[in-house]
Amino acid sequence: MKRAKRHPFQKILRQRLDLHFDNQSSAQAPAENQFRLWIWQAVKRHYRRAEISLILLDEPAARACNRDYRGKDYATNVLSFALDEGETCAPLSDGLHGDLVICPQIVLKEAAEQGKTPEQHYAHLTIHGTLHLMGYDHIEDTEAEEMETLETELLNQLAYPDPYK
């Protein structure tokens, strides 16, 4: 039996989510397919297609990225860069496009501090970063509440607990 017939979901997922994955980190991290599933969970209701680059960077490189692009001189867990962010032109009509940067050392440290498994925290931060690509934010209280509610719902659908409890 052909592989595509045995795993039709994976074939469809790869057609609809073009994930460019680059693990440059030395720390423990999930496999590309796991990240693909988490990203798709966030985008599938709103986009027919998505093209996202995900890079995993160790702390020094993640710190430099945060400093160079956000003016904050520390490594953070996830950074999101929407392709049309800050543009005055119409958004891309053919789907979601953007970049995510995740620092595994920060993710693992936070997971331990918060009493979560690394997988739970990776899932949460991947969905969180993807929602930022989609235009969600948490600067204002009402925005934060909306984003957190959606994160909790999406994670619950994947059988992960509420990340805010």
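Quick note: residue numbers are just sequence positions, from 1.
In this structure, S80 and L133 approach most closely via the heavy-atom pair CB-CD2, 3.9 Å. Contact record, V78 with H128: CG1-CD2, 4.2 Å, taken as the closest heavy-atom pair. For the pair F21 and P30, the tightest heavy-atom approach, listed with the atom from each and the gap, is CZ-O, 4.3 Å. Nearest heavy-atom pair across Y47 and L96 is CD2-N, 3.4 Å. Nearest heavy-atom pair, I39 versus L19, reported as atom, atom and distance to 0.1 Å: CD1-CD1, 3.8 Å.
By the neighbour-count criterion of 12 heavy atoms within 6.0 Å, atom OH of Y69 is sparsely surrounded, having that number or fewer from other residues, nucleotides or ligands. Around the CD atom of Q28, the shell of radius 6.0 Å holds no more than 12 heavy atoms that belong to other residues, nucleotides or ligands. Annotation: D73, atom CG; neighbour count of heavy atoms from other residues, nucleotides and ligands within 6.0 Å is above 12. Heavy-atom contacts from other residues, nucleotides or ligands closer than 6.0 Å to NZ of K116 number more than 12.
Ring planes of H124 and H121: tilted class, angle from 30 to 60°.
In this structure, R16 contributes its side chain and R49 its backbone to no donor-acceptor pair below 3.5 Å. Side-chain atoms of S25 do not come within 3.5 Å of backbone N or O of L57 as any donor-acceptor pair.
If you check the side chains of Y160 and E119, you find a donor sitting under 3.5 Å from an acceptor. For the residue pair E143 / H138, no side-chain donor-acceptor distance below 3.5 Å is found, with atom types taken as modelled. The closest side-chain donor-acceptor pair between D58 and Q24, if any, does not fall under 3.5 angstrom. With no hydrogens or angles considered, a side-chain donor-acceptor pair links E51 and H20 at under 3.5 Å.
With rounding to the nearest 0.5 Å, the separation of OH in Y136 from CD in E151 is 10.5 Å.
A salt bridge is absent between E59 and K109; no separation between the charged side-chain nitrogens and carboxylate oxygens falls under 4.0 Å.
Each of L56, L54, I55 was compared with N23 under the side chain to side chain contact (heavy atoms under 4.5 Å, CB included) criterion, and only L56 meets it.
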